[in-house]
Asker: 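One structure follows; several queries about it will come next.
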Amino acid sequence: MKRLRMIRIIVSLLFFAASIAYVIFGVPNILAVTKELQITTSLLSINIGVILFWCATTFLFGRIYCSSVCPLGTLQDFSIRLSRKYLSKRQFRYRHPRNYRYDVVVIYIVGSLLGIGIVSLFLEPWQIFRNIIDIWYPSDSEAAALHLGIGIILGLICGIVSLLLILSLSFLRGRIWCTDVCPIGIMLGTISSCSRLHIEIDPDKCINCMACEEGCKSGCIKVVSRYVDNTRCIRCFNCIASCPNDAIRYQPNRNKASTPLMRRVKNPT
């Protein structure tokens, strides 16, 4: 099970490299799959098949789109890795979910229905990633900006602001963009809350070493309560790889305490 993290890293790097190549060179053949599998482009083109595919995949496995396929997520992982290298004492902690998350979804939906292009540039992960890459390719940026109904200068400014904002947030707070701001991630999180496979902490194996919570870049693990918020978990599997006692697992069933001292007695005598 600890190999899941390595598999996830390989897949995410492949998609990240392919996404950059597609945006820069516009290869229309095999690399186009990186765009076609993006949820926002599927929404724009009304590709119901891809949307249903990701809904079903998230229902079965959780938010693997966010950890493996979304190139903006991989870009944040690079920033997080740098922060751990230069801020070696920095550790993640459990964060309570923000109430404004669903307000962001409403803003995104209303903005999309009204055709407000700047909403897409600041909230859609694929558009943000493309706009960041297009900073170095003004001709492509101009085409994307015109498609969204905004000017080239505004498009470039949005790309620069997005790059600085997302890199600084991930450097300091981990994947907070994915858990609390990205409307696609938040909507997938709603489905992921009832996913068939989820992250669970075994209360009888956990030794409170805090390795999983300190390594959770989504801030969704609370060791003291043996709790994992699967709505915000992006399935990076860092927690599983870091656990020394195999106490946190990716599994279909829910754990129950088997230790007698952990059980509740209804009629004590």
Asker: Run Gln38 and Tyr65 through side-chain contact (heavy atoms from CB on, under 4.5 Å) and show every step you take.
Answerer: CA-CA 9 Å; Gln38 302 302 320; Tyr65 168 83; 2.7 Å; yes
Asker: For a 4.5 angstrom cut-off between non-hydrogen side-chain atoms, does Leu188 reach Cys66?
Answerer: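 They are in contact (side-chain heavy atoms under 4.5 Å apart), so the answer is yes.
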Asker: Run the side-chain contact (heavy atoms from CB on, under 4.5 Å) test on Glu124 and Ile184 for me, step by step, so that the C-alpha distance in whole Å, both residues' side-chain angles and the decisive distance to 0.1 Å come before the verdict.
Answerer: CA-CA 7 Å; Glu124 285 183 0; Ile184 304 302; 5.6 Å; no
Asker: What do you reckon, is CZ of Arg93 surrounded by more than 12 foreign heavy atoms closer than 6.0 Å?
Answerer: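 Yes, enclosed.
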Asker: Specify the closest pair of heavy atoms between Ser170 and Ile80, including all atoms of both residues, with the distance to one decimal.
Answerer: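 Answer, listing the atom of Ser170 first, then Ile80: O-CG1, 3.4 Å.
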Asker: If two hydrophobic side chains count as joined below 4.5 Å and joins carry through other members, does Val104 share a cluster with Leu165?
Answerer: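 Yes, one cluster joins them.
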Asker: Is there a path of hydrophobic side-chain contacts, each under 4.5 Å between heavy atoms of I/L/V/M/F/W/Y residues, joining Ile109 to Ile191?
Answerer: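 Linked within one cluster.
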Asker: Testing the basics here: between Ile186 and Val105, what is the closest heavy-atom pair and its distance to 0.1 Å?
Answerer: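 Minimum heavy-atom contact is CG2-CG2, 3.7 Å.
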Asker: Just wondering, do Ile221 and Glu214 contact through their side chains at under 4.5 Å, heavy atoms?
Answerer: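 SC-SC contact between Glu214 and Ile221 ruled out.
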Asker: When you check the gap from the basic side-chain N to the acidic O, do Asp77 and Arg8 get nearer than 4.0 Å?
Answerer: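 Here Asp77 pairs with Arg8 in a salt bridge, since their nearest N and O are under 4.0 Å apart.
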Asker: Please check this pair: side chain of Arg175 against backbone of Arg173, looking for a donor-acceptor N/O pair closer than 3.5 Å.
Answerer: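 Pair absent, no side-chain N/O of Arg175 close to backbone of Arg173.
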Asker: Going by heavy atoms in the side chains, are Trp177 and Leu167 under 4.5 Å from each other?
Answerer: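 Counting from C-beta outward, Trp177 and Leu167 never come under 4.5 Å.
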Asker: On a heavy-atom basis, which atom in Asp103 and which in Asn99 lie closest, and how many Å separate them?
Answerer: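 Smallest heavy-atom distance, with atoms named: OD2-O, 4.3 Å.
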Asker: Do Phe78 and Ile132 sit in the same hydrophobic cluster, where Ile, Leu, Val, Met, Phe, Trp and Tyr count as joined when their side-chain heavy atoms come under 4.5 Å apart?
Answerer: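 Yes, it is one cluster - the side chains of Phe78 and Ile132 are joined through contacts under 4.5 Å.
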Asker: Hey, are the side chains of Arg5 and Asn238 touching, using non-hydrogen atoms and a 4.5 Å cut-off?
Answerer: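 When only atoms from C-beta onward are counted, Asn238 and Arg5 do touch, with a gap below 4.5 Å.
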Asker: So which heavy atom on Val223 is nearest to which on Asn208, and how close?
Answerer: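 Val223 and Asn208 have their closest heavy atoms at CG1-OD1, 3.5 Å.
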Asker: Taking the side chain as every heavy atom from C-beta outward, state whether Lys222 and His96 have any atom pair closer than 4.5 Å.
Answerer: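 In contact.
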Asker: Is the Phe16 to Phe129 ring centre distance short of 6.0 Å?
Answerer: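 Ring-ring flag for Phe16/Phe129: true, centres closer than 6.0 Å.
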Asker: State, to 0.1 Å, how close Arg196 and Cys194 come at their nearest heavy-atom pair, and which atoms those are.
Answerer: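 Where Arg196 meets Cys194 most closely, the heavy atoms are NH2-O, 2.9 Å.
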Asker: Honestly curious: do Ile7 and Leu14 fall in one hydrophobic cluster under the side-chain, below-4.5 Å linking rule?
Answerer: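 Not linked; separate clusters.
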Asker: Would a single hydrophobic cluster contain both Val119 and Val161, if residues Ile, Leu, Val, Met, Phe, Trp and Tyr are joined by side-chain heavy-atom contacts under 4.5 Å?
Answerer: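 Per the 4.5 Å side-chain linkage, Val161 and Val119 are co-clustered.
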Asker: For the residue pair Phe237 and Met6, establish whether any side-chain heavy-atom pair is separated by less than 4.5 Å.
Answerer: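 A side-chain contact under 4.5 Å is absent here.
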Asker: Any chance you could lay out the side-chain contact (heavy atoms from CB on, under 4.5 Å) test for Leu163 and Ile128, step after step, and finish with the verdict?
Answerer: CA-CA 8 Å; Leu163 177 63; Ile128 293 173; over 6 Å; no
Asker: So does Arg226 pair up with Asp202, basic N to acidic O under 4.0 Å?
Answerer: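 No, Arg226 and Asp202 are not salt-bridged.
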Asker: Could you tell me whether the side chain of Trp126 reaches within less than 4.5 Å of the side chain of Cys70, counting heavy atoms only?
Answerer: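 Result no, sub-4.5 Å side-chain heavy-atom pair not found.
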Asker: Will you find, in the side chains of Ser195 and Arg235, an N or O donor that is under 3.5 Å from an N or O acceptor?
Answerer: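 The criterion, which ignores hydrogens and geometry beyond distance, is satisfied for Arg235 and Ser195.
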Asker: Could you label the plane-to-plane angle of the Tyr227 and Tyr94 rings as parallel, tilted or perpendicular, counting under 30° as parallel and over 60° as perpendicular?
Answerer: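 Plane angle over 60°, so perpendicular.
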Asker: Any side-chain heavy atom of Thr231 within less than 4.5 Å of one from Ser192?
Answerer: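 A side-chain contact is absent here, since even the closest heavy-atom pair is not under 4.5 Å.
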Asker: I need the minimum non-hydrogen distance between Arg232 and Arg95, along with the two atoms involved.
Answerer: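 Arg232 and Arg95 have their closest heavy atoms at NH2-O, 2.6 Å.
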